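Structure record follows, encoded as structure tokens.
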Protein chains: 2
Amino acid sequence: MSQPDTKQRILDAAEHLFARNGYHATSLRGITTTADANLAAVNYHFGSKEALLEAVIVRRLDPLNEIRRGQLEALLQKAELAGELPSCREVLRAFVEPTLRLRQQGSEAEDFIALIGRTLAEPRGIAMSIFLRHMQPLLQRIFQALALSLPALTEQDLFWRMHFTMGCLSHIMRCHERYSMVPDNVNIDLPVDELIEHFLDFTTAGMEVAR
Amino acid sequence: MSQPDTKQRILDAAEHLFARNGYHATSLRGITTTADANLAAVNYHFGSKEALLEAVIVRRLDPLNEIRRGQLEALLQKAELAGELPSCREVLRAFVEPTLRLRQQGSEAEDFIALIGRTLAEPRGIAMSIFLRHMQPLLQRIFQALALSLPALTEQDLFWRMHFTMGCLSHIMRCHERYSMVPDNVNIDLPVDELIEHFLDFTTAGMEVAR
DNA sequence: ACACGATTAAAACAGATGTTTTAATCATAC
DNA sequence: GTATGATTAAAACATCTGTTTTAATCGTGT
């Protein structure tokens, strides 16, 4: 290869532009120009624009889900050994923490986070079916774990609250920095760790509240 | 006019298609075909595709905000007369209830809800700037009211929790019906009133929880 | 040095996009 | 009835889209 991996450069550029402008508003010419590659390179390396989107998503989502799953299983096992129920907060943490910590890996991963947040926001979109295909098993496992940690909730209530929680998460994933109506004395650049705890405060309270 | 208001028919078709497929994935030809109008009618009546989007949003958003504002001010006044602080739950209700009740007005308004939910999900999108221009004053008023109802919270904390709440709301606005991973025994067609109370349970708990 | 497969480059493809232009048609007032 | 302004219709506009095709180039093993 002449330059360090055209394929990689295209993935990076696509991730950035998809995240920033959305799938439909991003053209292959925009991507290949940014990546300093030839237009035909996308179809040569990936086959189609849609396949490129899938490659962009999968590259980071699969490893991320590995981490989330590992953290979750470790937690469940520890709780079982201690003869206790897993705490709702820690179950949520297993899902959220690895996600938001991606931001500490630099701005590349930050684009990915925004892209996923966007994907979650387009019900019928192309990205959604790709996303679900790679998320479904983990989501079901999380649901099981949450049910275990909140035995007082009906499945119906649990579903909706998990739904709300996912809404919160996808929101902060895509609305990082630069958001509407922020009062003067508010620090928008909250460190990741504080954001995580803030988020867990909020959602755990919502999950655990009595009806 | 030959047929009942071409302008109206275009607005309806655009609302439906924008909500369903997003702004960029919707073509003027798709809109005019659905509306049974001529292609040039859009530019004749509205000027441009972007101006059409604004017209679609404004048509329902402005009246909706009137209602939200009315409900909020009535609540604040009542609390002041009683010498009490407004309750956080009721402040949130003033914002959320009129929104979700739009669904009871039939499927047209339902498209609008999905469109707004989508808009909130595209930080840098064209729709966002339109939306913010018409939302800003009300959002600030809501923020004030929430601050009043939760005097123990710092502005910083309040901002983030309101941020989470908006995330929840935009999520359920666009993910009505047909959503991923729903367990068998869960009834996805929750009546609007129950959904509202569910939502208020969850978000109020998150807003009020101690740190 | 040569050959071969992988990669890149440039051009062309057919089709779709938002917008404009030019005529035709309609409704209404005189 | 005819003139006038608003609306509709059909076609053309230039530009952009994702994808293919055809050559050229590169790297590597012999």
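Every chain is numbered from 1 and lettered A, B, ... according to where its sequence line falls, protein lines coming before strand lines. Computed from heavy atoms alone, side chains included, the values below leave out hydrogens, waters and symmetry copies. Model, not experiment: these values are computed from the prediction.
Atom CG of A/N38 is separated from atom P of C/dA6 by 19 Å (rounded to the nearest Å). Residue B/I10 contributes atom CD1, which lies 10 Å from atom P of D/dA9 at whole-angstrom precision. When rounded to the nearest whole Å, the span between CG of A/L17 and P of D/dT17 equals 12 Å. Rounded to whole angstrom, the span from the CG atom of B/D36 across to the C1' atom of D/dT8 amounts to 12 Å.
For the side chain to side chain contact (heavy atoms under 4.5 Å, CB included) test, residues two or more places apart in sequence or in another chain that qualify with B/A13 are B/I31, B/T34, B/A35. For B/E73, the side chain to side chain contact (heavy atoms under 4.5 Å, CB included) partners two or more places apart in sequence, or in a different chain, are B/R69, B/L76, B/R141. With sequence neighbours excluded, the residues forming a side chain to side chain contact (heavy atoms under 4.5 Å, CB included) with A/T204 are A/C88, A/R89, A/L92, A/L200, A/E208, listed by chain and number.
At the heavy-atom level, B/T26 lies under 4.0 Å from the strands shown only through sugar-phosphate atoms.
Evaluation of the ring pair (Phe, Tyr, Trp, His ring centres under 6.0 Å) test over residues 20-39 of chain A, restricted to residues two or more places apart or in two chains, returns A/F18-A/Y23. Residue pairs meeting the salt bridge (Lys or Arg N to Asp or Glu O under 4.0 Å) criterion with at least one member in residues 41-59 of chain A, sequence neighbours excluded: A/D12-A/R59, A/E15-A/R59, A/E54-A/R133.
Phosphate proximity of C/dT8 to A/T6: present, with a side-chain N or O under 4.0 Å from OP1 or OP2. The shortest distance between the side-chain N/O atoms of B/S27 and the OP1/OP2 oxygens of C/dT17 is below 4.0 Å.
Distances were taken from every side-chain heavy atom of B/R29 (C-beta onward) to each of D/dG18, C/dA9, D/dA12; the shortest belongs to D/dA12.
Aromatic ring pairs are classed by plane angle as parallel below 30°, tilted from 30° to 60° and perpendicular above 60°; the pair B/H163 and A/H171 is tilted.
Applying a 4.0 Å cut-off to non-hydrogen atoms, the residues of residues 39-48 of chain A that approach DNA chain C are A/A40, A/Y44, A/H45, listed by residue number.
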